[in-house]
Each structure stands twice: as C-alpha cells, then as structure tokens.
Asker: 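Please see the structure below; I have some questions.
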Amino acid sequence: MNTFEIEKKWQKIWEEEKVFEAKNNDTTKTPYYILVEFPYPSGAGLHVGHVRSYTAVDAMARMKRMQGFNVLFPMGWDAFGAPAEQYAIKNHIHPKEAVKENIKTYKHQMQNLGFSFDWSREFSTTDPEYYKWTQWQFLQFYKHGMAYKATMPVNWCPKCKTVLSNEDAAGGVCERCGTEVVQKEKSQWMLKMASYAEDLLKGLDDTHFAEKVKLGQINWIGKSTGVEMDVQIVGGGKFSIFTTCIETVYGITFFVIAPDGKLIKELMPRVENKEEVEKYIEETAKKSALARTDLNKDKSGVILQGIKAINPVNGKEVPIFLGDFVLGDYGTGAVMAVPAHDQRDYEYAKAHNLEMIEVISGGDIKDHAFEKQEYLGKDCKLINSEEFTGLSVLEAKEKITQKLVDKGIARKVNNYKMRDWIFSRQRFWGEPIPMIYCEHCGWVPMDEKDLPLLLPDVAEYEPTDNGESPLAKITDWVNTTCPKCGAPAKRETDTMPNWAGSSWYFIRYMDPHNDKEFASMDAMKYWKKVNWYDGGMEHTARHLLYARFWVQFLYNIGLVPTKEMIDVRVSHGMILGSNNEKMSKSKGNVINPDDIVKEYGADTLRVYEMFIGDYQSDASWSTDSLKGCKRFLDRIIKIGDKINQKTGYTNKVLANKTIKKVTEDLSSMKYNTAIAALMIMLNEYEKYGEGISKEDYRLLLELLNPIAPHITEELNEKYALGEQLCKISWPVYDEKLIIDETKVIGIQINGKLRDEVEVTKEDNENSVKEKVLDQEKVKKYLEGKEITKFIYVPNKIVSILVK
RNA sequence: GCCCGAGUGGCGGAAUAGGUAGACGCACAGGACUUAAAAUCCUGCGGGUGUAAUAACUCGUGCCGGUUCAAGUCCGGCCUCGGGCACCA
C-alpha cells in the first residue's frame with residue numbers, strides 16, 4: 001500500500017467506527033472541549049495556515065482522548081458574509097449554492113488530512129436550523145432592552161452608491177472603484193455592548209487567556225478614569241467635560257466641543273458666526289473616519305462667536321471652539337483645553353493663536369506641552385493654581401476633585417472607548433433581523449414561533465442605489481402584517497453582521513441538533529465551557545469580545561450556566577510564503593495543501609507544520625525542511641525491520657524522558673520540540689546494535705500518533721503491536737526513572753570553562769571536590785594558586801575561584 | 001504617539017527558579033553504495049589563532065554599561081524589526 005492508500009484506509013476506519021464522536025453526559029469521563037475557529041469557506045479552499053492550527057488542536061484532541069477525557073472537538077462553517085455575496089453577484093448564482101460547494105471542498109480537504117473532528121456535530125451559520133436561534137437570541141436582546149435603533153454613520157461610496165464595510169473601505173477609499181469614502185447617516189440596529197464594558201473587563205479574571213490576548217481585550221475596552229465637570233456658559237446654560245487631568249484645571253484657556261455632538265445643536269441659536277460654524281459641521285460630516293483621525297492633519301476648528309464659558313475654579317471667561325478632534329460619541333463630546341500640558345491642545349492653541357498657562361512646574365513649553373507622562377512620577381508641584389499652588393500633582397488631583405465634588409459640579413466617572421455594537425448590515429447574505437415596522441406600533445419583534453425568518457430566493461444580490469439592503473427590493477418579502485395590531489407593515493431589510501453567527505457557535509456544538517432550544521441546559525452544564533480555544537491573532541480583540549458579550553448577556557438572563565464560556569484562548573502564528581511574505585495569489589507564493597498531501601502524504605505535512613517553529617510565531621514555508629520530515633517518517637518505517645524478540649525498553653531512561661517531554665510539550669503547544677524529542681529517540685534506536693524491542697517501537701508510535709496518526713496506526717497493525725493507537729491509554733512516565741545515573745558537568749575556574757567531570761547521583765560536594773582536584777587539567781590551572789571558594793551545584797556545574 | 005512581542009550559525013529554530021550556548025532539522029562539504037544519477041548510509045559543519053593531526057587558546061546570543069563565582073536568561077540605557085491600537089480628552 002502506498003501512503004495515500006494507507007491514509008484513506010485509516011480515515012475510513014475512524015469514520016466507520018465513529019471513534020471521534022463525543023457523547024453528551026458521559027459521566028464516566030471528564031469532559032474536555034477543544035475548539036478551533038471555524039473557517040469562512042471561501043472559493044480558495046483550505047490554506048496551509050489552516051492546516052497548521054487544525055493539526056495542532058487535533059494533536060491535542062487525540063492526546064486528550066488517549067488520556068481518558070471525553071473530548072468534544074467539533075468543526076463547522078462560518079458562511080455568511082460579504083465574500084460569498086460578491087462571488088454570487090459576479091457569477092449570478094445564489095450564495096447558498098456557492099457556499100454549499102465550498103463547504104464540500106473544505107470538508108473533503110479536512111478529511112484527507114485526518115483531523116479527528118466530530119462530524120456528527122457539523123453545521124453552518126447559514127443553516128436555517130442554526131440562524132433560527134441567532135435570530136431568536138437577537139429577539140432576547142431586544143426584549144431585554146439591549147437592542148435599539150439609532151442613526152449612525154456608515155461608510156458610503158458615492159460612485160458605487162453602496163454601503164461599505166470597514167474592510168472594504170480600508171485606507172478611506174472604496175476597494176472597488178477607488179473613490180474616497182464618505183460618511184452617511186443611516187438608522188441602524190445597535191446592541192448595548194458599552195454597558196457591558198466593566199463586566200467584560202472583570203470577566204477576564206475568570207478566564208485563562210494568554211496575557212497578550214487579555215491585553216488586547218483591555219486595550220479595546222479602553223477604560224479611563226477621570227472627572228466629569230460642569231461648565232457654565234456666560235449668559236446661562238451649561239455643558240460638561242471629561243478629563244483625566246483635573247490637576248491642570250487652572251490652565252484652561254479654551255474649551256473644544258465636537259462638531260458631530262448634541263451640544264452644538266443646542267448652542268446654535270446663540271452662535272453669531274452661524275454660517276462659518278455650519279460649514280465646518282458639514283465638512284466634518286463629509287470626512288471619512290480615516291481622514292478625521294489622521295494624525296498629521298492640521299488642528300482645524302472654528303471659534304463660536306458670542307459664546308464664552310466660565311472656568312468653574314476661578315471664574316475666568318474663555319472661548320469655546322468647534323474642533324473635529326473632539327468626538328461626539330466619547331466622553332461628553334466636549335473637552336477642557338490646557339495647551340501647556342496636553343500636546344493636542346498645544347498644537348491647537350498654536351494653530352489658533354491661543355493663550356497658554358503653565359500650572360505645573362518643571363517643564364519647558366517652548367516646543368511642546370509638558371504632559372502627564374512626563375510630570376507624573378517626578379517631583380513636580382502646582383503653580384498658578386490659587387490655594388492648590390505648591391501641592392504635588394497627586395495631592396492636587398485629589399483635592400481639586402474633592403472640592404469640585406463637594407460643590408456639586410463634578411463627578412468621578414469612568415469612560416470606555418468601546419462603543420455599542422452596530423448590528424445592521426445593508427447586505428443580502430446575512431441573518432435577516434426579525435423585526436417588523438408598523439405605522440401604528442413602531443418596531444415590533446416577530447413572534448418567536450414564526451422563526452426562522454428565511455432569506456428569500458432571489459436573483460439579484462446587488463445593494464440598492466440608496467444604500468438599502470437588496471432585501472428592500474423584494475416587496476413580497478418586505479410587506480407583511482404587524483404581529484401586534486395586524487395592520488400592513490414592513491420587515492427590517494438590513495441583515496446581521498458576520499460576527500453574529502460566530503458569537504455563540506461554540507454553544508451550539510454542545511447540542512447541535514436541538515430543535516426546541518439553542519442548546520439544552522443539561523448539555524451546557526455538562527460541557528461547561530470551551531477549555532481550549534485556538535484562533536488567529538486577528539480575532540483576539542473583536543470576535544472574542546463579541547462572543548464574551550453575547551455569552552454574558554445570555555448568562556444574565558439565565559439562559560446559559562456560565563458567564564465566561566471560553567477558558568484558555570491561544571493564538572497561532574501565520575504561515576508565510578518562502579519569500580517571508582504573506583501568501584497571496586498576486587505574489588505567487590501560495591502553497592496548496594492538496595498538492596503537498598498528494599506528493600508527500602498528510603502525515604508528512606502534519607509533522608512538518610508542527611516542526612516548522614514556535615507555534616505562536618509566524619513561520620515561512622520551506623519545501624526543503626518538508627523533505628526532512630518525510631525522511632523522518634521513512635526512517636521510522638524502515639526501523640520496523642529491526643524489531644526483535646527482546647522485551648522491555650532497551651533504554652528506560654530515554655523512554656521515560658521522552659514520554660515526559662512529549663506529553664508536556666503537546667500540552668503547552670511546543671510541538672516543534674516534541675518532534676525533536678522523537679527524532680532523538682529514533683536516532684538512539686538506530687544506534688542499538690542488537691535491534692529494538694516491540695515496546696521500544698510501540699512507544700515511538702504511541703507518542704507520534706497525535707501528530708502523524710495514519711502511518712503510526714498502520715505500522716502498529718503491521719507489526720501486531722497491540723490495540724489501535726487511537727483507543728489506547730496515553731503512556732505515563734516514572735519520575736524516578738528520568739534521572740541519569742551519571743552526568744557530565746562543566747568545571748569553571750575563575751568564571752571560565754576549563755574542564756568537565758562526570759558525577760553520579762551519590763556524589764556530594766566533598767567527593768566531587770576530591771575528584772575534580774585530582775584531574776590533570778585542573779591541577780595545571782591551580783598550580784601555584786590558592787583556592788578561595790569551591791562551588792558545586794549538583795548536576796549543574798563546578799565553579800572554583802582561585803587567586 | 002501609546003501598548004505588546006522579538007533580535008541566537010549559511011537557514012528554520014533549541015536552551016530562561018542564571019549553571020558546558022547552538023538540541024533537532026535543513027542546506028553545504030567529504031566519503032560509501034551505483035555504469036551513472038536519485039534515494040539511502042557514514043563523517044564533518046559558529047568565527048579566529050594554532051597543530052601533520054590532536055591538544056590548547058580566544059572571540060561570540062542586536063548595541064553600551066551593571067549585578068554575580070557564573071548572564072542568551074536578571075537590572076539600567078539605547079538601536080532595529082514585527083504586530084495591535086491610534087486626536088479616546
């Protein structure tokens with residue numbers, strides 16, 4: 001049999017014997033849930049990058065099963081989204097059909113690679129049986145006041161007359177025609193995610209995410225603690241500002257408010273230079289999000305003539321500006337400007353010729369502001385700050401806050417960068433949002449028993465000219481009756497974002513065929529949480545945050561048993577082309593896993609991708625190194641001929657050491673060193689003159705099985721070594737047997753390595769000293785010198801100091 | 001700008017409770033087998049001085065300092081590259 005036939009044979013056996021199907025509620029075993037991000041089934045097929053992460057988690061799943069866990073290791077498809085829609089538009093086929101084809105290809109490829117997924121739990125986010133529950137859960141958000149409609153800007157291409165996702169508007173231009181993208185106001189569904197900011201932050205303590213993943217979440221949430229202070233306007237009225245540097249309050253020389261905020265609308269009647277101000281507001285609205293946040297642009301803005309604000313601490317009257325660096329949806333949409341101590345305010349003041357007042361000593365504001373990261377932690381004192389002059393920064397922060405709070409004009413508050421989740425997409429290929437608009441009743445949720453609300457079969461998927469979803473054109477579908485009053489009404493035509501289906505799919509795997517609930521409480525209580533979740537770094541911020549938010553909400557309304565359902569999150573590195581660049585068709589450096597499987601076999605590809613380097617770092621493809629892995633497997637096949645009648649391990653220490661090394665390495669994603677340990681084992685076996693025992697050989701196969709499952713099973717069967725490897729218990733090592741009888745260690749004299757010595761377990765400082773001082777070379781170095789110190793670190797080193 | 005991560009042979013990478021730097025693999029060179037090539041097997045493989053060959057010495061983990069008997073690993077200060085966030089008050 002050739003490699004290909006061997007691999008097919010075992011894949012068939014695994015499928016027929018259903019060895020990888022997880023049983024719900026098996027109380028004889030400990031449940032263990034391993035998840036890898038389900039792919040978006042594009043037309044390109046599986047990428048070698050997929051193979052890397054799937055092999056890694058597959059190896060983990062296989063080992064855990066052998067260690068006696070009830071392993072849930074599912075796979076499915078995240079198939080809603082723009083690429084499938086684009087493909088459909090281009091080729092005039094229903095995205096449903098394209099997705100079906102692609103899934104077939106992906107699944108076939110995965111099966112050829114021997115991944116031990118439990119295919120009985122497979123589903124796609126586009127299955128009505130699945131998205132029924134995504135819609136149902138949206139209704140729960142709505143019913144608990146967590147979903148609302150708001151007017152939000154969207155990326156709009158004026159030429160294509162279409163709404164663009166942030167990805168399609170990358171760089172501020174339309175990906176298709178290159179036209180500059182503008183912001184257009186649209187009424188959209190929102191989920192109140194910002195209200196979960198603190199919970200999402202706190203919840204991280206209940207997870208075991210990698211540190212950098214946690215940091216990604218923390219940065220995205222972006223908490224900052226400060227003071228919200230009321231500011232009176234000359235002639236009546238007031239507004240509030242948010243600051244993290246209240247200690248600089250005496251340095252205020254102007255205020256800036258957001259052109260897109262509510263405040264300017266209130267102040268408008270009192271503005272004397274209305275025309276100028278209105279023009280500025282209009283210009284801001286036109287700017288794309290990118291242009292507006294471009295750091296290098298000028299500090300644009302316009303003064304509000306006829307309106308002055310009063311600094312609450314000293315009564316000083318200062319001007320108010322409109323500036324687009326202030327964002328309408330963060331904080332209060334207004335800031336106090338202290339140009340002496342904030343670089344942004346400094347630049348603004350320079351651009352508009354405004355006064356600066358230093359209130360913290362020790363800086364030099366000729367060229368730039370003296371900012372908090374410079375003055376904090378140093379011994380800086382307040383100046384020009386009335387009764388607070390002379391206090392340290394920290395003291396002043398506290399006392400000024402206290403005074404303002406006591407006067408009732410300020411509050412300590414937290415602000416978060418994370419906003420509510422814009423949940424509408426003006427697209428066809430997504431879950432329809434199950435809401436109906438009635439002239440009399442407003443927005444009315446669909447009756448839950450009418451779910452799923454199916455996507456209609458239509459021929460056109462192009463977005464409409466006015467930015468509506470293509471669904472808006474399908475009048476049969478849009479027109480319905482109000483579930484509440486029965487009057488004619490219209491359906492929501494926006495669909496859900498791609499992130500929706502992936503926010504809870506890991507729950508569905510626990511009970512994938514349930515048609516009464518999204519998953520039974522029993523199943524969720526049994527599996528509890530995802531023990532190990534692997535995915536790309538690009539998803540560690542947003543996808544993970546959305547999924548955690550979704551779960552926390554379901555938990556709060558009593559629908560899931562656990563608040564954080566993902567325990568460990570790890571992220572893998574990318575596989576780059578051999579030229580060290582990201583693989584892409586245009587660069588011609590794409591490696592197709594199918595070709596590699598055809599030429600070298602799945603096991604070789606699997607071993608290679610695990611051996612390629614540190615799993616969490618990027619790695620470049622090398623066909624030469626691949627050949628080395630092929631050689632490794634060939635040598636294992638060949639050494640089977642050296643099996644003889646001997647029993648027991650030829651080298652007990654080596655056997656136990658390798659079990660330990662491989663077990664620990666596979667558990668901590670150090671696949672490359674696990675394979676290196678097995679290569680060392682093989683190298684040793686090849687040196688055994690008298691051949692190897694069945695136990696020796698079997699152990700090598702057992703330890704390699706999670707990474708190269710086909711060939712190891714085949715050899716195990718060929719030499720009749722015992723039961724199928726996927727059904728046995730993982731080998732365990734004896735801690736007592738991993739210590740070498742003797743060890744050669746180095747001898748340092750005055751810090752330099754000069755000689756070595758063999759020590760045994762029984763040796764102590766005195767016996768070693770005796771031995772060492774008797775060695776010719778050591779004697780030579782010590783001649784005529786006096787030993788001032790003798791250090792023996794058992795099994796590590798001998799260090800002698802002389803003078 | 002801020003926050004992470006990383007700099008080790010020709011290459012991918014090992015080694016961090018500080019303890020013989022370069023495991024394992026690739027590439028390369030020499031040899032064996034072969035009519036020949038491929039495949040396979042054996043040997044060597046950081047730089048330098050040195051030797052007939054050993055030996056021996058010396059320099060070496062991005063750079064400069066420090067702590068220590070001992071630093072790739074710890075501390076201080078830089079440089080470079082990669083990633084994320086980015087006018088967040």
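All chains are named by letter (A, B, ...) in the order of the sequence lines, taking the proteins before the strands, and each is independently numbered beginning at 1. Here the structure is a predicted model, which means the values were calculated and not measured.
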Asker: Rounded to whole angstroms, how far apart are NE2 on His539(A) and P on C85(B)?
Answerer: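 Rounded to whole Å, this separation is 12 Å.
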
Asker: Given atom CG of Asn579(A) and atom P of G12(B), what is their separation to the nearest angstrom?
Answerer: 14 Å

Asker: Determine the interatomic distance between P on G60(B) and the same-named atom on G65(B); round to the nearest Å.
Answerer: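 Rounded to whole Å, the distance is 11 Å.
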
Asker: CD1 of Ile221(A) versus P of C85(B): gap in Å, rounded?
Answerer: 15 Å

Asker: Would you classify Lys661(A) as touching base, sugar-phosphate or nothing, given that sugar-phosphate means primed atoms plus P, OP1 and OP2, and contacts are heavy atoms under 4.0 Å?
Answerer: nothing

Asker: Can we call the ring centroids of Trp621(A) and Tyr608(A) under 6.0 Å apart?
Answerer: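 Between Tyr608(A) and Trp621(A), which both carry aromatic rings, the centre distance is below 6.0 Å.
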
Asker: Apply the syn/anti split at 90° from 0 to G9(B) and say which one it is.
Answerer: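 Nucleotide G9(B) adopts syn.
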
Asker: C88(B), OP1 or OP2 - any side-chain N/O from Tyr416(A) closer than 4.0 Å?
Answerer: no

Asker: Would you kindly check if the NZ (Lys) or CZ (Arg) of Arg569(A) is within the cone defined by 45 degrees around the ring axis of Phe209(A) and under 6.0 Å from the six-membered ring centre?
Answerer: no

Asker: Base, sugar-phosphate or nothing for Ile680(A)? Non-hydrogen atoms, less than 4.0 Å.
Answerer: sugar-phosphate

Asker: Would Glu355(A) and Lys316(A) pass as an ion pair if we require N to O under 4.0 Å?
Answerer: yes

Asker: Using atom names, set out every protein N or O paired with an N or O of nucleotides 69-74 of chain B below 3.5 Å, distance rounded to 0.1 Å.
Answerer:
unit_1: C69(B); atom_1: O2; unit_2: Ser799(A); atom_2: OG; d: 2.6

Asker: Using a strict 4.0 Å threshold on nitrogen-to-oxygen distance, state whether Lys660(A) and Glu664(A) make a salt bridge.
Answerer: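 Looking at Glu664(A) together with Lys660(A), the answer is yes, because their closest N to O distance falls below 4.0 Å.
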
Asker: Over all strands shown, is Asp618(A) touching base, sugar-phosphate only, or nothing at heavy-atom distances under 4.0 angstrom?
Answerer: sugar-phosphate

Asker: How is Lys627(A) classified with respect to the nucleic acid when contacts are heavy atoms under 4.0 Å: base, sugar-phosphate, or nothing?
Answerer: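 Since no nucleic acid heavy atom lies under 4.0 Å of Lys627(A), the category is nothing.
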
Asker: Across the strands shown, which category fits Arg635(A) at heavy-atom distances under 4.0 angstrom: base, sugar-phosphate, nothing?
Answerer: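 The residue Arg635(A) makes sugar-phosphate contact but no base contact.
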
Asker: Check every strand shown and say whether Ser622(A) touches a base, only sugar-phosphate, or nothing at a heavy-atom separation below 4.0 Å.
Answerer: nothing

Asker: Under 4.0 angstrom, heavy atoms only, what part of the nucleic acid is Asn415(A) near: base, sugar-phosphate, or nothing?
Answerer: nothing

Asker: Is any side-chain nitrogen or oxygen of Asn219(A) closer than 4.0 Å to OP1 or OP2 of A86(B)?
Answerer: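 Indeed not, no polar side-chain atom of Asn219(A) lies that close.
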
Asker: Would you call Lys397(A) and Glu247(A) a salt bridge, taking side-chain N to carboxylate O under 4.0 Å as the test?
Answerer: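 A salt bridge is present here (some side-chain N lies under 4.0 Å from a carboxylate O).
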
Asker: Just checking Tyr348(A) against Phe321(A), ring centres under 6.0 Å apart?
Answerer: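 Judged by ring-centre distance (under 6.0 Å), Tyr348(A) and Phe321(A) do meet the cut-off.
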
Asker: NA contact type, Ile612(A), heavy-atom cut-off 4.0 Å: base, sugar-phosphate, or nothing?
Answerer: sugar-phosphate

Asker: Under 4.0 Å from OP1 or OP2 of A6(B): is there any side-chain N or O of Ser617(A) that close?
Answerer: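 Looking at the OP1 and OP2 atoms of A6(B), neither is under 4.0 Å from any side-chain N or O of Ser617(A).
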
Asker: Ignoring hydrogens and angles, state whether a donor on the side chain of Asn414(A) or Thr225(A) is under 3.5 Å from an acceptor on the partner side chain.
Answerer: yes

Asker: Taking for each residue the nucleotide of RNA chain B with the nearest heavy atom, is it Ile747(A) or Lys780(A) whose nucleotide lies nearer the 5' end?
Answerer: Ile747(A)

Asker: May I ask you to evaluate whether Lys657(A) reaches the phosphate of A23(B), defined as a side-chain N or O under 4.0 Å from OP1 or OP2?
Answerer: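 Answer is no, no contact under 4.0 Å.
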
Asker: For U40(B), does either OP1 or OP2 sit under 4.0 Å from a side-chain N or O belonging to Arg631(A)?
Answerer: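 Yes, because at least one side-chain N or O of Arg631(A) sits under 4.0 Å from OP1 or OP2 of U40(B).
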
Asker: Quick check on G18(B): is either OP1 or OP2 less than 4.0 Å from any side-chain nitrogen or oxygen of Lys796(A)?
Answerer: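 Answer is no, no contact under 4.0 Å.
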
Asker: Glu609(A) CD to C26(B) P: how many Å, rounded?
Answerer: 18 Å

Asker: When you check the side-chain N and O atoms of Arg542(A) and Tyr546(A), is any donor under 3.5 Å from an acceptor?
Answerer: yes

Asker: So what does Asp345(A) hit on the nucleic acid, given a heavy-atom distance under 4.0 Å: a base, only sugar-phosphate, or nothing?
Answerer: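 Result for Asp345(A) = nothing.
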
Asker: Does Gly628(A) reach a base, just sugar-phosphate, or nothing at all? Heavy atoms under 4.0 Å.
Answerer: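 Sugar-phosphate: the residue Gly628(A), judged by heavy atoms under 4.0 Å, touches backbone atoms but no base.
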
Asker: Students often get this wrong, so: under 4.0 angstrom with heavy atoms, is Val744(A) touching a base, only sugar-phosphate, or nothing?
Answerer: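 Answer is base: heavy atoms of Val744(A) come under 4.0 Å of a base.
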
Asker: Using atom P in both nucleotides, what's the gap between G22(B) and G72(B) to the nearest angstrom?
Answerer: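 Going atom to atom, P in each nucleotide, I get 12 Å.
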
Asker: Find which nucleotide of RNA chain B each of Lys777(A) and Ile675(A) is nearest to by heavy atoms, and output the residue with the more 5' nucleotide.
Answerer: Ile675(A)

Asker: Between Arg344(A) and C88(B), is there a side-chain N or O to OP1/OP2 distance below 4.0 Å?
Answerer: yes

Asker: In residues 784-800 of chain A, what donor-acceptor pairs under 3.5 Å come from side-chain atoms, sequence neighbours left out?
Answerer:
unit_1: Thr788(A); atom_1: OG1; unit_2: Leu801(A); atom_2: O; d: 3.2

